[in-house]
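From a predicted model like this one, the values you see are computed outputs, not experimental measurements. Every chain is numbered from 1 and lettered A, B, ... according to where its sequence line falls, protein lines coming before strand lines. Below, each value reflects all heavy atoms present in this structure, side chains not excepted, and no hydrogens, waters or symmetry copies.
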Amino acid sequence: MHTAGSARATTLQSAFFARQVLPVAQELLGKYLVSPCGEGMITEVEAYDGPEDKACHGRFGFTERTAPMFGPPGHWYVYLVYGMYWMLNIVTDTEGYPSAVLIRGVGEWHGPGKITKALGIDGSMSGKNADEQSGLWMEDRGVRVLSSQIRRTPRVGIGYAGEWKDVPYRFVLAQ
DNA sequence: GCAGTGATCATA
DNA sequence: ATGATCACTGCC
């Protein structure tokens, strides 16, 4: 109680994610991804923002796979890409509006496919709430991130997305 | 620079 | 049932 910097870790709750995806994505830098299999600080994310975003999976409407994106914020959306790699996203904003943050870098793991492989995350996590019961959640451990430490770039791997391919929705914590 | 890999979705 | 697509990675 005497040391200002010794904040207890707090689990990020639904209210944190029930906001526009861009501020949520930016503020996830410096937070921790935690599971029984491993954990680390989030260092790279991307935002996917609603039906107008030509790179967002929600742009084609509700399907079985993308259902979690249309569900309540604070739940996981996990899908397989290129037949090999599970992509981990946290759903944001309001129920019915498809938006999510892709977790691309955590601790020593640089790359969304490496994170899920290291932590043993697969599609069975999709649609579950991000809490201790599901076994995968995020924590604020008091790490302060200055805006000067954040680099913004276009998103990776979405060259098909027309005018949306160049929007700076990727956030990287400077090394 | 590009192959590997298989679920998903549209079309039928 | 079939074919195109794909928010990656590792090796050429």
For atom [atom1] of [X] and atom [atom2] of [N], their distance in whole Å:
X      : N     : atom1 : atom2 : result
A:L80  : B:dT8 : CG    : P     : 8 Å
A:H57  : B:dC9 : NE2   : P     : 10 Å
A:R59  : B:dT8 : CZ    : C1'   : 13 Å
A:F62  : B:dT8 : CZ    : P     : 14 Å
A:D122 : B:dA7 : CG    : C1'   : 13 Å

Practice item. Count the heavy atoms belonging to other residues, nucleotides or ligands that lie under 6.0 Å from CD of A:E39, then report whether that count exceeds 12. Key: yes
Review point. What pattern of brackets, bars and dots sums up DNA chain C from 5' to 3', given Watson-Crick or G-U wobble pairs under 3.5 Å, [ ] for crossing pairs and | for another strand?
Key: ||||||.||||.
Practice item. Please determine, by modelled atom types, if A:Y97 and A:D49 share a side-chain donor-acceptor pair under 3.5 angstrom. Key: yes
Practice item. With sequence neighbours excluded, give me every salt bridge (charged side-chain N to carboxylate O under 4.0 Å, His left out) pair touching residues 12-31 of chain A. Key: A:R19-A:E27
Which part of the nucleic acid, if any, lies within reach of [X] when heavy atoms closer than 4.0 Å are counted: base, sugar-phosphate only, or nothing?
X      : result
A:M87  : sugar-phosphate
A:L102 : base
A:R65  : sugar-phosphate
A:F60  : nothing

Check your understanding: Are the aromatic rings of A:H57 and A:Y48 close, with centres under 6.0 Å apart?
Key -> no
Practice item. Identify whether the distance between the nearest side-chain nitrogen and carboxylate oxygen of A:E52 and A:R59 falls below 4.0 Å. Key: no
Point to revise | A:P68 to A:V91 - nearest heavy-atom pair and separation | key: O-CG2, 3.3 Å
**Study point:** Contact summary for A:E46 and A:V156, nearest pair of heavy atoms
**Key:** OE2-N, 2.8 Å
Review point. Do the numbers put A:R155 on top of the ring of A:Y169, so that NZ or CZ is under 6.0 Å from the six-membered ring centre and no more than 45° off the axis?
Key: no
Practice item. Report yes or no: is the cationic atom of A:R152 (NZ for Lys, CZ for Arg) closer than 6.0 Å to the six-membered ring centre of A:F171, at no more than 45° off its axis? Key: no
Revision key, fill the gap. In the 5' to 3' direction, the nucleotides of DNA chain C bounding the stretch that comes under 4.0 Å of a heavy atom in chain A are C:dC6 to C:dG10
